[in-house]
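Step one of this worksheet: look at the structure below.
Numbering of ligands and ligand atoms starts at 1, following listing order. The figures here come from the full heavy-atom set of this structure, side chains too, leaving out hydrogens, waters and symmetry mates.
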Amino acid sequence: MAGKRMMLDVLKGETVSPPPLWMMRQAGRYLPEYRETRKRAGSFLDLCYDPDLAVEVTLQPIERFGFDASILFSDILVVPNALGREVRFEEGRGPILKPITAAEIAALNGDMFHVNLEPVYETVRRLRAKLPDETTLIGFCGAPWTVATYMIAGHGTPDQGPARLFAYREPEAFGRLLKALADHSAAYLIRQIEAGADVVQIFDSWSGVLDEPSFEAFCVEPVAEIVRQVKAVHPDVPVIGFPKGAGERYRDYRAKTGITGLGLDWTVPLSMARELQRDGAVQGNLDPLRLVAGGKALADGVDSILRTLGSGPLIFNLGHGITPETPVAHVEAMVKMVRSQR
Ligand code: CP3
């Protein structure tokens, strides 16, 4: 079926067999050709803001594995960076930001936001022109809560203690930060769609650390706000939400936020995933470490997902990003297993 973007059919609720397939973090350090380009780029952010190189690394996993979808190469932290916050990535330490204060939140300024992100929009335009017609192009942003956790702590933490404490102590400043992030993230996604993205995904990687009212206020509401703003301009463009670690709260996340497709982390039981599939497409949810291990661990994982979810709207993916130590041969094996499903 030349020219058909299967993932879009699945997001409309159709069952496609074998299911469309891509991987979170599919362009990354497990690929020798990525490590090569990354060396030439200098810093990680230089790579994100250089359309020549960003296009090159985005296409690498498509050329190698023929995935059904291609995700723009960038990072969720370009949004705070475009709002004027200092961001850098240190080898082995991950992202480092200047922690934001309540006073700095009040002074956040988005005047240069789209100017700063123009290289990302240029990357999306070039990608849509270069990708095979049948390959879905995915744009993305971080959810306000997850982005805020890095802006407040200044680095990754295991339980997002600094951001949770800030939210309780400075509710007004924190609310203002979430609102600024939701508005700018919506504008960012709209520009990506206008540059050629077919689908957008909102990554809420740290939604699993919050109590119930905080989850509602910090995860559900800001994502619902982004979806409202995007849908007001592009009602037909599907939005995938990925509230990693949301557990039981996966159940009404789609209804409450207005997202189209639901990204499942690997801890979501397949029996529950099957129920969630009644309301629309689900995406996931192979444990990335099964892919590292390969062999029977991988085959069993792929098999149970296909057996349980393959007869409904499914986008096959990992339950989180692929890790750098993953052997390329295991990715090849996974692609074969998924594609040989009937
Ligand atoms: O999926 C893709 O292939 C597209 C690119 C992409 C990256 N980051 C590239 C990247 C996407 C979609 C992201 C999202 C992202 N970034 C998230 C949400 C998803 C998730 O993984 O939970 C988060 C929390 C970030 C922030 C971030 N960026 C962290 C914590 C780190 C360091 C951890 C690590 O893996 O090193 C990054 C760096 C990063 N982003 C790398 C890549 C390929 C590795 C850095 C490098 O190449 O030097």
Side-chain angles (χ1 to χ4, degrees), residues 22-50 53-62 64-65 67 69-81 85 87-97 120 123-124 127 136-151 153-158 160 163 181 185 188-189 192 197 199-209 219 223 240-246 263-266 283-285 288 317-326 331:
W22 68 283
M23 299 190 306
M24 291 189 274
R25 289 276 178 101
Q26 61 190 20
R29 286 162 295 182
Y30 74 104
L31 285 178
E33 58 269 34
Y34 172 84
R35 296 195 297 269
E36 183 51 43
T37 312
R38 172 79 175 75
K39 249 189 278 167
R40 274 193 281 134
S43 79
F44 174 71
L45 276 181
D46 288 339
L47 175 53
C48 294
Y49 292 134
D50 181 327
L53 297 181
V55 166
E56 185 179 308
V57 296
T58 305
L59 296 177
Q60 286 168 351
I62 307 304
R64 211 187 241 271
F65 307 111
F67 289 128
S70 178
I71 183 161
L72 158 73
F73 188 86
S74 181
D75 195 82
I76 63 168
L77 298 177
V78 299
V79 164
N81 194 221
R85 304 303 299 168
V87 179
R88 56 182 210 283
F89 287 80
E90 280 183 12
E91 209 53 58
R93 278 188 71 195
I96 310 288
L97 292 81
V120 178
T123 301
V124 176
L127 281 171
T136 304
L137 177 56
I138 306 172
F140 73 92
C141 69
W145 161 249
T146 288
V147 174
T149 65
Y150 290 98
M151 293 178 79
H155 53 85
T157 66
Q160 311 316 317
L181 287 172
S185 301
Y188 179 48
L189 293 181
Q192 291 181 43
V199 174
V200 291
Q201 175 157 329
I202 304 172
F203 288 87
D204 215 347
S205 305
W206 293 111
S207 68
V209 301
C219 292
V223 169
I240 300 174
F242 178 54
K244 180 172 176 284
L264 310 178
D265 70 70
W266 73 87
Q283 173 176 282
N285 69 341
N317 205 313
L318 307 182
H320 196 203
I322 182 170
T323 64
E325 69 271 28
T326 308
V331 179

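Between Cys48 and Phe89, the closest side-chain pair of non-hydrogen atoms is not below 4.5 Å. Looking at heavy atoms from C-beta onward, Val79 lies in side-chain contact with Leu181 at the 4.5 angstrom threshold. In this structure the side chain of Trp266 never reaches within 4.5 angstrom of the side chain of Leu318, judged on heavy atoms. By the 4.5 Å heavy-atom criterion applied to side chains, Gln60 and Thr37 are counted as neighbours.
Within 4.0 Å of ligand 1, protein heavy atoms come from Met24, Arg25, Gln26, Ala27, Arg29, Tyr34, Arg38, Phe44, Ile71, Leu72, Phe73, Ser74, Asp75, Ile76, Phe89, Gly94, Pro95, Phe140, Tyr150, Phe203, Ser205, His320.
A donor-acceptor contact shorter than 3.5 Å links the side chain of Thr146 to the backbone of Ser205.
Between atom CG of residue Asp265 and atom CZ of residue Phe242 there is a gap of 6.0 Å, rounded to the nearest 0.5 Å.
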